[in-house]
Amino acid sequence: LRQNEPLLEIAMPDGQRAWLSTRYDDAIQILKDDERFTKNLQSLSPEDYSAIMPHKEMDLISKQMLSSDPPDHARLRSIVSKAFSPQMIEDMQNEIQRITDDLIDRIQEKGSMEIIADFAFPLPIIVISQMLGIPENDHYLVKKWSSDFIESANNRDKLKEAFPSIQAFGRYIDELITERRKHPGSDLISMLIQAHDNRDRLTAEELSSTIWLLIVAGHETTVNLIGNGLLALLENPDQLRLWRSDPALAQPGIEELLRYYSPVEIATSRWARHDFTWHGKNVRKSDLIFVGLAAANRDPDQFENPDRLDITRKKNKHMAFGNGIHFCLGAPLARLEGKIALSTLLRRLPNLRIDTTSEELKWRSGILMRGLERFP
Ligand code: HEM
């Protein structure tokens, strides 16, 4: 595809015209081009938007930075960006290490584990929940609601099936906001409430929607970095040995794992603002554009031997966190969690291996995320 049809027309089940881009250079162009592409379908075409989003509750998933264009985008992002600065995240190192060690202690008592349920999922959800101030008992509810949404993303028919979960998630967030207004803390939700109540920088819908985005983005992706990353290392024993032999390799190693098995397979939806021709194809206003991040990350014009896992790779400007104004806000947190999780697993569990006697590895369905559902 990259060579012969870098912009592929794809058939969406509901008849919406859509395109998939697979080259690295094109991915950068699209993600940086706010003139030709918009993230905000509601402003481009209110009719198309209401066809996808008939319920008022759907505002929950769209009034946040990742679905906004400039200038709203900068306002929404700046309110939370301070909490995700590299320094703030670095300060969380000890806490992330403590959570990781606790989870491994429990695994060691059991003797075997299913990586996703026992480790890769709990770690990022505990971390983001602590940042936001979400009670531990609610983690599994939150996981179900956000997984239902992710499975349905980019498929309008399935999106309708996920309505009940999205609505329940919205009610839960409203309750959290009410509770936190009564008892404010030093968490991110209390900070966002302040930005709404005192400074009027955030509407009520944007407040709920931003909290929703942080919960979903904060764990759905990092689970896959840990699961996919461990799988890649176990599939490549020479690289596993190398990582174990030199802890400093965790730094370039995590970047290579992000490139090799990209946790987010395609970027979130963008729509063409007007008609244009590209790679000989006629793209029309309101067409949906998917940017293949995982495909860009294996583009031989950008990466030497792209299908080889090389944790010492030098030039590694991968696209796993996207590019342009929507570049992942949580990248410093995700990198730190990934490094601590994998390095600690490899150090503390020297006999780690895939259990081929039990169930097969099972990949999640859906086209947005690449990640394992079960990893025994
Ligand atoms: C945006 C990937 C972890 C928060 C993005 C985008 C990608 C991405 C590709 C851009 C999507 C687009 O342009 O369509 C990842 C990966 C992660 C990860 C691979 C883990 C390995 C996190 C974490 C958080 C987070 C831990 C923390 C809450 C966000 C937010 C945005 C975003 C808020 C929207 C930024 C904006 O619109 O300006 N992420 N992410 N992500 N990510 Fe992450």
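The figures that follow rest on heavy atoms only: side chains count, while hydrogens, waters and symmetry mates do not. We count ligands from 1, going down the list as the structure has it; atoms in each ligand are counted the same way.
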At under 4.0 Å between heavy atoms, what of V291 touches ligand 1? The answer is neither

Closest to atom 6 (C) of ligand 1 among protein heavy atoms sits F321 O, 3.8 Å

In D187, I99, I125, the residue satisfying side chain to side chain contact (heavy atoms under 4.5 Å, CB included) with Q130 is I99

key: Proximity flag R335 to ligand 1, non-hydrogen atoms under 4.0 Å   = no

*asked:* Over 60° means perpendicular and under 30° means parallel, so tell me whether W145 and F169 are parallel, tilted or perpendicular.
replied: tilted

On a heavy-atom basis, the closest approach of L213 and Q64 is CD2-OE1, 3.5 Å

* Going through the distances and angles, do R171 and D174 end up as a salt bridge (Lys or Arg N to Asp or Glu O under 4.0 Å)? -> CA-CA 5 Å; R171 284 193 295 274; D174 287 344; over 6 Å; no

Honestly, for R77 the part within reach of ligand 1 (heavy atoms, under 4.0 Å) is side chain

At under 4.0 Å between heavy atoms, what of I128 touches ligand 1? The answer is side chain

So for R270 against ligand 1, with non-hydrogen atoms under 4.0 Å, the contacting part is side chain

| request: For the pair R335 and E255, find out whether any cationic side-chain nitrogen is under 4.0 Å from an anionic carboxylate oxygen. | output: yes

Stepwise, does the salt bridge (Lys or Arg N to Asp or Glu O under 4.0 Å) test hold for K281 with E5? CA-CA 10 Å; K281 304 289 172 77; E5 209 165 354; 2.8 Å; yes

Margin query: With side chain to side chain donor-acceptor pair (under 3.5 Å) as the criterion, how do E235 and Y260 come out once you've worked through the C-alpha distance, each side chain's angles and the decisive distance to 0.1 Å?
Written below: CA-CA 12 Å; E235 285 174 339; Y260 185 79; 5.0 Å; no

Numbered in order shown, the ligand 1 atoms found under 4.0 Å of a heavy atom of T222 are 3 (C), 20 (C), 26 (C)

E179 vs K182, salt bridge (Lys or Arg N to Asp or Glu O under 4.0 Å): CA-CA, chis, key distance, verdict: CA-CA 5 Å; E179 196 275 331; K182 280 192 218 142; over 6 Å; no

Practice item. Would you sort out whether K110 and D118 count as a salt bridge (Lys or Arg N to Asp or Glu O under 4.0 Å), showing the intermediate values? Key: CA-CA 10 Å; K110 275 207 311 186; D118 293 336; 3.0 Å; yes

Within 4.0 Å of some non-hydrogen atom of V264, the atoms of ligand 1 are 2 (C), 19 (C)

Atoms of ligand 1 under 4.0 Å from any heavy atom of L214, numbered from 1 in the order shown, are 28 (C)

A student checking ligand 1 against H73 at a 4.0 Å heavy-atom cut-off should list atoms 36 (C), 37 (O), 38 (O)

Quick look: L293 vs ligand 1, heavy-atom contacts under 4.0 Å, and the answer is side chain

Going by the 4.0 angstrom heavy-atom rule, the piece of L225 near ligand 1 is side chain

Contact region, A320 to ligand 1, non-hydrogen atoms below 4.0 Å, reads backbone

Ranking A217, P263, S269, A331 by closest non-hydrogen atom to atom 4 (C) of ligand 1, top hit is A217

